[in-house]
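As the structure lists them, so they are numbered: ligands from 1, and atoms in each ligand from 1. Worth knowing before you read on, the calculation uses all heavy atoms, side chains too, and leaves out hydrogens, waters and symmetry mates.
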Amino acid sequence: MKFDGITAALIIIDIQNDFCPAYTACSGEKLPAGALAVADGDKVIEPLNRFAQVFADKGAAVIATADWHPPDHVSFASAHPEKKAGDIVDLPAVKGQVLWNPHCIQRTRGADFHDLLNLGPVHSILRKGFRRDLDSYSAFFENDRQTPTGLDGFLKGLGINAVFLGGLATDYCVYYSALDAISLGYKTIVLTDAVQGVGYPPGSVEKALDSMKSAGVNLKDSGDFL
Ligand code: VGL
Ligand code: ZN
């Protein structure tokens, strides 16, 4: 989408079943709450669908990311003897990695996009966290903070210099993506009505919002642009 002097992309972060509460799919099938269900995680879908359609109608790029882990992924507590979900460990490449319940395992229902997310306007899909020994919160860099996902090159190739971000979770994937976007030189807008947080460790959502603001991220309601 073109605003004065900027060419923007919308990046929809990790709207996958494992990050969402229980719901009934379009087919009538009842899906259980996801392995890492974010409270009200599905509330972000409606504003994101609306925003994505506006972008697509203008021929602008809409990118959806997906957490896509192998079954024995290093971020799973089950991959570490004597550890439990919520523990924080230092790995060779990543200090302070939070251990999670297994989630978004490749080719499982939990890794599928939420059925109510409209993928029609989505131009491309970026999967991350697919290497067994490396987690990835940010859409731009894996958790070693060095390995690129390729998104920066992709966006720059499209002449994009601004990104709108929404999705899950405010204090993890959205947060790291927003900080990386700023450091890579993008004008960065986080859509406050289109994000929800995990809230672990306690206070992490407030901390993430504060750090994003100080880093120069614009926190805006999606309605301000529609
Ligand atoms: C996420 C925890 C673990 C996220 C991904 O999408 O925010 N959080 N993996
Ligand atoms: Zn993950």
A.B. asks: Going from CZ on F164 to CZ on F51, what distance comes out if it is rounded to the nearest 0.5 angstrom?
C.D. replies: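 The CZ atom of F164 sits 4.5 Å away from the CZ atom of F51.
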A.B. asks: Report the residue from V174, D67, D14, V98 that forms a side-chain contact (heavy atoms from CB on, under 4.5 Å) with Y137.
C.D. replies: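 One option only clears the test, and that one is V98.
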A.B. asks: Between CG of D221 and CG of D193, what distance do you get to the nearest 0.5 Å?
C.D. replies: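 These two atoms lie 4.0 Å from each other.
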A.B. asks: Heavy atom of Q16 under 4.0 Å from ligand 1?
C.D. replies: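 Contact absent.
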A.B. asks: Nearest protein heavy atom to atom 1 (C) of ligand 1, by residue and atom, and its distance?
C.D. replies: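 Going atom by atom, the protein heavy atom closest to atom 1 (C) of ligand 1 ends up being C173 SG, 3.4 Å.
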A.B. asks: Judged by atom type as modelled, is there a donor-acceptor pair below 3.5 Å linking the side chain of D171 to the main-chain atoms of G199?
C.D. replies: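 Side chain of D171 to backbone of G199: a pair is present.
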A.B. asks: Mark up the atoms of ligand 1 that fall under 4.0 Å of a heavy atom belonging to Y172, in ascending order.
C.D. replies: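 The list of qualifying atoms is 7 (O), 8 (N).
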A.B. asks: Find, among atoms of D67 that are N, O or S, the one nearest to the Zn ion (ligand 2), and state its name.
C.D. replies: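 Of all N, O or S atoms belonging to D67, OD2 is the one nearest the Zn ion (ligand 2).
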A.B. asks: Mind checking whether V198 has an N or O less than 3.5 Å away from an N or O of ligand 1?
C.D. replies: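 Min N/O separation from ligand 1 is not below 3.5 Å for V198.
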A.B. asks: For the ring-ring contact (aromatic ring centres under 6.0 Å, His included) test, which of F76, F19, Y172 pairs with W100?
C.D. replies: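 Option passing the ring-ring contact (aromatic ring centres under 6.0 Å, His included) with W100: Y172.
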A.B. asks: Closer than 2.8 Å to the Zn ion (ligand 2): does that hold for any N, O or S atom in C104?
C.D. replies: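 Checking the Zn ion (ligand 2) against C104, no N, O or S atom falls under 2.8 Å.
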A.B. asks: Just jot down the ligand 1 atoms closer than 4.0 angstrom to any heavy atom of H103, in number order.
C.D. replies: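 So the answer, numbered in order with elements, is 3 (C), 9 (N).
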A.B. asks: Quick check against the 3.5 Å criterion: does T170 have a side-chain atom that pairs as donor or acceptor with the backbone of G197?
C.D. replies: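 Yes, because the side chain of T170 sits within donor-acceptor range (under 3.5 Å) of the backbone of G197.
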A.B. asks: Considering only heavy atoms, does L168 approach ligand 1 within less than 4.0 Å through its side chain, its backbone, both, or neither?
C.D. replies: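 It is the backbone that gets close, since no side chain atom is under 4.0 Å.
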A.B. asks: For the Zn ion (ligand 2), does an N/O/S atom of H103 lie at less than 2.8 Å?
C.D. replies: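 Yes.
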A.B. asks: Considering heavy atoms of the protein only, find what lies nearest to atom 5 (C) of ligand 1 and give residue, atom and distance to 0.1 Å.
C.D. replies: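 Result: D67 OD2, 3.1 Å.
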A.B. asks: Step through the shown structure and confirm whether more than 12 heavy atoms of other residues, nucleotides or ligands are within 6.0 Å of NZ on K156.
C.D. replies: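 Atom NZ in K156 is crowded, with more than 12 foreign heavy atoms closer than 6.0 Å.
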A.B. asks: Regarding atom 6 (O) of ligand 1: of the candidates D14, V38, D171, which has the closest heavy atom?
C.D. replies: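 Answer by nearest heavy atom: D14.
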A.B. asks: Donor-acceptor check, side chain of T188 to backbone of Y186, threshold 3.5 angstrom: yes or no?
C.D. replies: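 The answer is yes, because a donor-acceptor pair under 3.5 Å joins these two groups.
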